[in-house]
Amino acid sequence: MSSTTKFASESGPAPSVKHTQSFLPGRGAAPSSSDYDTSLSVEVRKYLRTYGLTPPNVESFEVQAERCLKQLEQKATAIDKYLYLSNLRNNHTDLFYRLAMDHMKELTPLVYTPVVGEACIRWSEIYQQPEGLYLSYADKGNLASVIQNWPAQNVEITVVTDGSRILGLGDLGINGMGIPVGKLALYTACAGIRPDLTLPLTLDLGTNNEALWEDPLYMGSKRPKISCEEEREFMDELMAALTQRWPGIVIQFEDFKNPFPSLERYRNTYTCFNDDIQGTGAVILAGVINAVKNSGIPVKDQRAVFYGAGSAGVGVAKQIVEWFVKEGLTEDEARKCFWFVDTKGLITLDRGDKLADHKVYFARDDNNGKQIKELIDIIDEVKPTILMGLSTIGGVFDKQVLNRMAELNKHPIIFPLSNPSANSECTFADAIKYTEGRAVFASGSPFQPTMYQGVLYHAGQGNNMYVFPGIGMGTILSKAVIVTQNMIYASATSLSTALNEDEKKKGLLYPDVSRIREVSVIVTRGVIRAAQKDGVDREITIREFTDEQLDEWIRQRMYDPRKVHDSLEKEVKGLLQNAVSRQ
Ligand SMILES: NC(=O)C1=CN([C@@H]2O[C@H](COP(=O)(O)OP(=O)(O)OC[C@H]3O[C@@H](n4cnc5c(N)ncnc54)[C@H](O)[C@@H]3O)[C@@H](O)[C@H]2O)C=CC1
Ligand SMILES: CC(=O)C(=O)O
Ligand SMILES: [Mg+2]
């Protein structure tokens, strides 16, 4: 938690000015991390009474950044780097975000997937400081009063997990806190939501991971996960308590394991969305739109095998169905373009087991009694143009599978989307090698470029980080009462249009991560427009804006760490000037 957290106020134009105002001397509050910025002038340091508390030189951001990058480089392991960056974020918030924004590509894998996966596995071992709110089942009945302990006056967005399915790593209990922390850091870095208005929230509802019960360092309750009914009662209380304290709060569900259906229960009554179902659906739809357009194969001839039929897989396929329908197919024709595979093989209606509710929609009924177990046999049967991996099973798209996809297609669309990298259904290097460089590829976690027969190939990253920041920002800025399906769909179509000319020429599916702020403006605009169309927006002053006006209005509302420094300098110097002229 940054020390700025205490002084949060509503977001608005040039947001950081507002919170720095509360730190001026005589305000009776502790200084914020911005007050110790080594780039502040001597004049300002003296005014803030931090003069002498930092080394004497007034530094440029470039020098500060060089020092940080050097220190980062000296950390021996990925976890050391993760901890270094966590400390930087907590103690020098603006400097961290400036660095993150300037080095998105290098830093994202360290604060998010894949390294956040290891951080979560080892969370109770590497724990150093509070960074979010923990609510336990034992707090049931008192959630509102525990929530009062959160020091920020306002919170605009929370990411909440119960840790029961963290990335593809299974049930990690409260160790999953790294995910809300990491996702919210991206909300700030990618879409400019003020860091002090974000709430990482982890629910301690027990865990079925028995290794955690045996771990003396584990910091959560050592009891089995509560029942679905108990979870429902807890979540009902939580949703009411969060919204009671912060009426406009956007609630993002993250990495909950089925079966408790939070999304269905709350989507029409609270401002909430499920990132794994909806965010993932949107980001993959954007990539698929571009991949299908590049392939030249019409939508009606696309056949997709989904390896993994969990909440993410089904969420993705349902978004694609919506696009296929908009492209002219009937819903039934669109649905029939999908074949799902789970641990028991191809999902069919007559397989003989009781299918979970969410699997029924895509279960095949045209298999003539034939049940197929192995992926390679399913590929032989279906002859897919698209192969998606959302199974958590690393390496399952092996040489044989990739070779076969390449035999069947000129440009097979292969998306191994499970996280972190070790759970990816295949590596980028294998996908390129075993398809002779012809795969159209996107993975959940980032892969380095790979060389094949003298050509350097670049991997796309199909990760919900391209859309959730814009979905959250668009919902906050439009003051939408609920997050409608059209808002989610708009995030996908907006993202699909965000490629620049160079990226289009290269046949990329997603924009370069280093352009993510620019991309988030486009996604945010799409989300706001859909909220307006659906009539769920309450920020009526922007309804008549042109797209250009709206983009500028969004940009002005994005937290910009550079402005924190400039505003503080300007503000203090203005006050000093006034004091002099009054004398
Ligand atoms: N790229 C991205 O942005 C995102 C990626 N994901 C990834 O998707 C994966 C799945 O997430 P959820 O759907 O929420 O999990 P889940 O636990 O609900 O679903 C996993 C599915 O995989 C199937 N599965 C597991 N082992 C299998 C095997 N050996 N053979 C065939 N199927 C198998 C299960 O039957 C289940 O249907 C995770 O690794 C997660 O990291 C999730 C959300 C976003
Ligand atoms: C990226 C993400 O949300 C997941 O792997 O669960
Ligand atoms: Mg997730």
Side-chain angles (χ1 to χ4, degrees), residues 108-109 112-114 116-117 120 159-172 176 178-180 182-184 186 208 252-261 263 273-287 305-319 339-347 351 353 355-359 362-363 372-376 378 387-397 401 415-425 442-447 459-469 471 492 495 510:
T108 306
Y112 186 51
T113 184
V116 73
C120 286
V159 172
V160 54
T161 188
D162 69 348
S164 55
R165 192 284 284 149
I166 291 297
L167 305 176
L169 301 167
D171 181 349
L172 298 184
I179 287 295
K183 293 250 173 190
L184 285 164
L186 293 192
N208 292 332
Q252 184 200 298
F253 301 113
E254 188 70 45
D255 289 6
F256 278 80
K257 177 86 182 156
N258 278 332
F260 180 68
L263 182 61
F273 71 101
N274 182 308
D275 183 39
D276 295 297
I277 300 171
Q278 299 172 290
T280 314
V283 78
I284 302 311
L285 171 56
V305 166
F306 272 63
Y307 195 74
S311 44
V314 172
V316 168
K318 284 199 168 160
Q319 293 287 350
W339 286 258
F340 268 82
V341 187
D342 64 9
T343 44
K344 299 196 177 86
L346 184 66
I347 300 180
R351 199 169 65 174
D353 58 332
L355 295 179
D357 290 348
H358 70 281
K359 294 182 185 176
F362 287 108
I372 319 177
K373 173 95 176 73
E374 297 303 324
L375 177 59
I376 191 70
I378 294 167
L387 180 59
M388 292 275 173
L390 289 137
S391 67
T392 78
I393 307 298
V396 70
F397 297 171
V401 164
F415 282 20
L417 296 170
S418 291
N419 296 313
S421 316
N423 294 59
S424 187
E425 283 78 5
S443 53
S445 296
F447 278 107
Q461 191 178 354
N463 190 294
N464 45 33
M465 65 173 280
Y466 273 108
V467 290
F468 67 73
I471 296 173
L495 175 62
Y510 295 101

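Just follow the structure's listing: the first ligand is 1, and inside any ligand the first atom is 1. Only this structure's heavy atoms are used, side chains among them; waters, hydrogens and symmetry mates stay out.
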query = Short list, please: which atoms of ligand 1 are under 4.0 Å from a heavy atom of Gly444?
reply =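 Within the 4.0 Å cut-off of Gly444, ligand 1 contributes 1 (N).
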request  = May I ask you to check whether Phe273 and Phe253 place their ring centres under 6.0 Å from each other?
outcome  =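 No; Phe273 has its ring centre 6.0 Å or more from that of Phe253.
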inquiry  = Below 4.0 Å from ligand 1: does a non-hydrogen atom of Asn423 turn up there or not?
reply    = no
ask   = Do any heavy atoms of Val283 fall under 4.0 Å from ligand 1?
value = no
For ligand 2, the portion of Ile166 having any non-hydrogen atom under 4.0 Å away = neither
ask   = Taking non-hydrogen atoms only, is Met465 closer than 4.0 angstrom to ligand 2 via side chain, backbone, both or neither?
value =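 Neither; no heavy atom under 4.0 Å.
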[X] and ligand 1 - part of the residue with a heavy-atom distance under 4.0 Å:
X      : answer
Thr343 : both
Met465 : neither
Ile393 : side chain

key: Nitrogen or oxygen of Asp255 less than 3.5 angstrom from that of ligand 2   = yes
task = Run the contact test for Thr113 against ligand 2 with a 4.0 Å cut-off on heavy atoms, strictly below, and give the result.
result =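 Under 4.0 Å: no for Thr113.
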task = Return yes or no for this condition: an N or O of Gly462 is under 3.5 Å from an N or O of ligand 1.
result = yes
ask   = Can you find an N/O atom of Asn464 closer than 3.5 Å to an N/O atom of ligand 1?
value =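 Indeed, backbone or side chain, Asn464 has an N or O that close.
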task = Give the numbers and elements of all ligand 2 atoms closer than 4.0 Å to a heavy atom of Tyr112.
result =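 What qualifies from ligand 2 is 1 (C).
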Asp276 OD1 and Glu254 OE2 subtending at the Mg ion (ligand 3) (10° steps) =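 Glu254 OE2 and Asp276 OD1 form an angle of 100° at the Mg ion (ligand 3).
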